[in-house]
Amino acid sequence: MSEEKEVVSEALKAEEKLRSKWYVLSLEGDLKPLEEFDFTGHEKLKKFADYEVKKSRIVDQEPPHVSLMRSLELVDYEPASDPGNMRYYPKGRLIKALLEEYVTGMVLDYGGMDVETPIMYDMAHPTLAKYLNRFPARQYTIESDDDKYFLRFAACFGQFLMSHDATISYRNLPMRIYELTRYSFRREQRGELAGLRRLRAFTMPDVHALCRDLAQAKREFRRRFKLSRDVLRGIGFSSDDYELGIRVTEDFYRRNRRFIRSLVRMHGKPALVEMWRERFFYFILKWEFNFVDALDKASALSTDQIDVENGERYGITYMDEDGQLKNPLILHCSPSGAIERDIYALLEKAYMEMKEGKPPMLPLWLAPTQVRLIPVSEGHVEAAERVARRLSRSRIRADVDDRDETVPKKIRDAEKEWIPYIIVLGEREVGAEKIPVRARADGEIRKMSIRELVAEIRRQVRGKPYRPLPLPMRVQRRPKFVG
RNA sequence: GCCCCGGUAGCUCAGAGGCCAGAGCGGCAGCCUUGUAAGCUGUUGAUCGCGGGUUCGAAUCCCGCCCGGGGCUCCA
């Protein structure tokens with residue numbers, strides 16, 4: 001790892017003198033200066049705006065998701081690595097893998113072509129050197145013999161270089177290329193790192209779309225806006241959970257008002273707009289869905305941009321109808337945002353619900369254990385295991401607490417793990433058609449058959465990827481990774 | 001990167017210059033044979049983040065480093 005003076009990109013320097021004007025764009029299409037907007041009924045948007053504009057960051061606390069990610073044995077710091085590079089325990093890896101598979105599936109349905117590209121690039125490569133200067137990020141650098149490389153901070157490099165070498169016709173556009181980057185690296189400043197909210201190595205689904213012209217780019221942009229919304233919904237977020245931020249140059253806004261309003265209408269809530277007099281970056285329009293956490297901090301999840309520079313910079317061309325080689329516009333989208341950040345948001349959301357008196361939960365399709373079987377005593381362990389195996393055959397993650405503990409203790413531990421369904425199995429249940437199932441969501445115990453339970457769970461996880469139990473079925477066989 | 005706060009057993013924390021560093025949880029062993037959020041007893045467990053210094057004496061004071069949190073700044 002190089003310890004030479006930090007390479008600060010021109011974009012980062014430009015950003016320092018960047019002046020923005022802030023507005024709120026309403027559903028009706030009114031663009032109001034921030035201070036004139038009435039935030040009644042839009043409290044989260046207010047928090048987002050305060051965070052972005054007033055830079056009000058008065059909190060002096062560890063974000064709540066940090067203790068959760070550890071106590072649930074999902075993710076942890078890895079002191080032997082660089083800060084912001086995490087370790088994932090089996091349950092955390094399961095959740096992350098399911099999210100990765102889900103987002104990837106959604107992007108493939110949208111038409112993304114899945115590719116894989118290197119994670120490190122030559123710093124001396126002329127095109128890349130120029131691009132580095134247009135992207136507001138800090139890199140990790142690696143020396144190998146006399147050569148110097150940087151670790152990618154997004155999938156752009158690989159996909160653009162690939163596109164440069166491809167023969168592309170206007171008939172191929174929009175051309176959608178996708179990679180789930182594991183990892184993207186950004187050497188964020190030490191104090192910027194926070195739990196899963198901001199990392200130095202993160203997993204980002206990154207889908208680009210090469211577009212013929214602005215009209216096509218705008219159509220595609222809207223599709224991807226919907227894709228992102230659907231992806232977040234599938235993960236477990238409704239539009240109540242995030243705020244739309246739009247960054248745009250004055251010029252582009254003036255010429256494309258109706259288009260920008262249409263984004264706000266799709267979102268269904270007013271949006272914060274940051275307007276730049278000049279274009280500092282490679283894009284003319286960008287939006288993000290921003291999650292506002294338990295400490296009123298905002299961070300971007302999904303995002304998309306219209307890039308007007310890199311088609312030319314990378315020498316990406318397509319043959320147009322008129323026989324002319326032209327540079328495409330490029331859209332840069334992460335439909336879910338970083339996977340780690342999705343987990344952060346899920347945990348923060350659960351924490352906020354807990355504060356409201358609701359039981360904190362993860363979406364059922366992400367719960368590491370979906371059904372916990374609790375044998376009343378040793379003699380019921382085998383019966384419990386039979387039920388668990390039956391559920392597993394129906395692609396439900398079920399396990400058995402075979403420890404020599406009392407029933408109340410095992411219930412308590414299952415609740416502390418946020419397990420959605422708990423079944424106590426004793427004399428009364430062995431061989432019975434209907435057995436009592438305790439549901440975490442409402443705390444009720446309902447009698448149902450296994451078949452009914454299977455149907456109820458499968459209905460809730462329909463369309464979502466599945467992975468088997470990430471740990472041994474018997475709880476006693478499991479190591480304790482934390483505490 | 002800079003500034004502020006913190007790091008004591010696997011986990012959560014007490015101890016703030018003076019005898020062998022404590023508790024709860026966990027782990028292990030035994031008892032109990034358990035019925036919807038903690039059964040009982042015993043036992044194990046600590047280079048006090050790391051390295052240097054001050055002192056008769058350092059977990060405690062000083063310096064450097066590492067890790068975490070917060071801020072500046074920034075973003076997925």
Side-chain angles (χ1 to χ4, degrees), chain A residues 5-6 8 11-12 15-16 18 51-52 55-63 66-67 70-71 73 76-84 135-138 153-155 181 183-206 245 286 288-291 295 297-305 332-342 344-345 359 372 374-380 403-417 419 422-429 436-440 443-445 479-483:
Chain A
K5 64 185 180 304
E6 190 184 17
V8 176
L12 272 181
E15 205 156 44
E16 284 170 15
L18 194 156
Y51 185 79
E52 286 291 310
K55 315 281 185 194
S56 74
R57 289 148 206 207
I58 39 176
V59 217
D60 185 22
Q61 282 177 54
E62 186 179 76
V66 171
S67 62
R70 302 190 66 241
S71 62
E73 291 196 306
D76 214 336
Y77 298 109
E78 175 48 79
S81 184
D82 194 42
F135 197 95
R138 296 173 168 81
F153 41 83
T181 61
Y183 292 106
S184 284
F185 297 91
R186 298 185 188 179
R187 204 159 189 296
E188 307 295 4
Q189 302 185 90
R190 186 61 187 72
E192 293 172 342
L193 304 172
L196 288 174
R197 190 165 93 88
R198 197 112 189 267
L199 298 164
R200 280 183 174 171
F202 58 96
T203 306
M204 182 173 62
D206 200 358
K286 172 184 190 234
E288 326 100 34
F289 290 145
N290 291 274
F291 180 80
L295 267 27
K297 292 184 179 261
S299 31
L301 262 27
S302 322
T303 181
D304 202 2
Q305 309 164 355
H332 301 234
C333 173
S334 185
S336 61
I339 302 294
E340 294 83 352
R341 198 170 266 188
D342 292 322
Y344 140 82
R372 163 73 44 91
I374 297 184
V376 170
S377 71
E378 232 176 285
H380 309 112
R403 294 173 307 160
D404 182 19
E405 299 286 353
T406 60
V407 170
K409 166 75 177 213
K410 290 193 272 197
I411 302 263
R412 179 178 154 83
D413 287 346
E415 294 287 5
K416 277 166 66 185
E417 276 188 61
I419 294 172
I422 299 173
I423 299 174
V424 175
L425 214 116
E427 284 313 314
R428 302 206 284 269
E429 289 76 23
V437 177
R438 176 178 162 132
R440 178 175 177 79
E444 297 292 314
I445 297 175
K480 213 178 225 52
F481 289 98
V482 181

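Just so you know, these numbers use all the heavy atoms, side chains as well, and skip hydrogens, waters and symmetry mates. Chain naming here is simple, since letters A, B, ... match the order of the sequence lines and numbering starts at 1 in each.
Within the 4.0 angstrom heavy-atom criterion, base atoms lie near A/L199. Among the atoms of the strands shown, none is found under 4.0 Å from any heavy atom of A/G379. At the heavy-atom level, A/V424 lies under 4.0 Å from base atoms of the strands shown. A/R70 comes within 4.0 angstrom of the backbone, heavy atoms only, and of no base. Within 4.0 Å of A/A80, counting heavy atoms only, lies no atom of the nucleic acid at all. Residue-level contact check: A/E73 touches neither bases nor backbone, having no heavy atom under 4.0 Å from any strand. At the heavy-atom level, A/A194 lies under 4.0 Å from the strands shown only through sugar-phosphate atoms. Residue contacts shown for A/D404 include a base, since a base heavy atom lies under 4.0 Å away. The residue A/R372 sits apart from the nucleic acid: no heavy atom pair falls under 4.0 Å.
Comparing A/E427 and A/D82, the nucleotide of RNA chain B nearest to each residue sits closer to the 5' end for A/E427. The nearest heavy atom of RNA chain B to A/N290 and to A/R190 marks one nucleotide each, and the one closer to the 5' end goes with A/R190.
Look at the P atom in both B/G17 and B/G71: the space between them is 32 Å, to the nearest Å. B/C13 and B/C72 are spaced 25 Å apart, taking the P atom of each and rounding to whole Å. Annotation: B/C20 and B/C62 have their C1' atoms spaced 28 Å apart (nearest Å). Comparing the same atom, P, in B/C75 and in B/A58 gives a spacing of 50 Å after rounding to whole Å. Nucleotides B/G39 and B/U33 are separated by 15 Å at their P atoms, to the nearest Å. Using P as the reference atom, B/G26 and B/C11 are 15 Å apart when rounded to the nearest Å. Nucleotides B/A37 and B/A29 are separated by 28 Å at their P atoms, to the nearest Å. Annotation: B/U47 and B/C40 have their C1' atoms spaced 36 Å apart (nearest Å).
Residue A/K297 places none of its side-chain N or O atoms closer than 4.0 Å to OP1 or OP2 of B/G69. Remark: A/T406 is not in phosphate contact with B/U34, judged by side-chain N or O atoms under 4.0 Å from OP1 or OP2.
Residue A/H380 contributes atom NE2, which lies 15 Å from atom C1' of B/U36 at whole-angstrom precision. The CD atom of A/E52 sits 12 Å away from the P atom of B/U73 (whole-angstrom rounding). As a whole-Å value, the separation of A/Y51 OH from B/C75 P is 11 Å. Counting to the nearest Å, the P atom of B/C75 and the CZ atom of A/R187 are 18 Å from each other. If you measure from atom CG of A/L295 to atom P of B/G70, you get 8 Å, rounded to the nearest angstrom.
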Write down the protein N/O and nucleotide N/O pairs, taken from nucleotides 25-29 of chain B, whose separation is under 3.5 Å; answer none if there are no such pairs.
{"from": "B/G26", "atom 1": "OP1", "to": "A/K409", "atom 2": "NZ", "distance (Å)": "2.6"}

Next item on the list: Could you go through the salt bridge (Lys or Arg N to Asp or Glu O under 4.0 Å) check for A/R197 and A/E340 one step at a time?
Entry: CA-CA 7 Å; A/R197 190 165 93 88; A/E340 294 83 352; over 6 Å; no
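Pairing partner, B/G22: B/C13, with both Watson-Crick or wobble hydrogen-bond distances short of 3.5 Å. B/C2 is paired with B/G71 under the criterion used here, namely a Watson-Crick or G-U wobble arrangement in which both key atom distances are under 3.5 Å. Across all strands shown, the partner of B/G27 is B/U43, judged by Watson-Crick or G-U wobble contacts whose two distances both fall under 3.5 Å. Pairing of B/C32, defined by two Watson-Crick or G-U wobble distances under 3.5 Å, is not identified with any nucleotide.
With rounding to the nearest 0.5 angstrom, the CG atom of A/L196 is 7.5 Å from the OH atom of A/Y77. Atom CD1 of A/I374 is separated from atom CD1 of A/I411 by 4.0 Å, given to the nearest 0.5 angstrom. We find the NE2-CG distance between A/H332 and A/D206 to be 8.0 Å, quoted to the nearest 0.5 Å.
In this model, no donor atom of one side chain and acceptor atom of the other lie less than 3.5 Å apart for A/H380 and A/E429.
Residues A/F291 and A/Y344 place their aromatic rings such that the two centres sit under 6.0 Å apart.
Applying the side-chain hydrogen bond (donor to acceptor under 3.5 Å, both in side chains) test to A/N290 and every residue at least two apart in sequence or in another chain returns A/E288. By the salt bridge (charged side-chain N to carboxylate O under 4.0 Å, His left out) test, A/E417 is found to be paired with A/K91, A/R372, residues two or more places apart in sequence or in another chain being considered.
Environment of CD in A/E78: crowded, with over 12 heavy atoms of neighbouring residues, nucleotides or ligands closer than 6.0 Å.
At a cut-off of 3.5 angstrom, counting only N and O atoms as typed in the model, there is no donor on one side facing an acceptor on the other between the side-chain of A/R186 and the base of B/C75. Evaluation of atom-type donor-acceptor distances gives no pair under 3.5 Å for the side chain of A/E192 against the base of B/G1.
A/E415 and A/R438 are joined by a salt bridge, as a carboxylate oxygen and a charged side-chain nitrogen come within less than 4.0 angstrom of each other.
The aromatic ring of A/Y77 does not sit over the base of B/G68; the criterion of centres under 5.5 Å apart with planes under 30° is not met.
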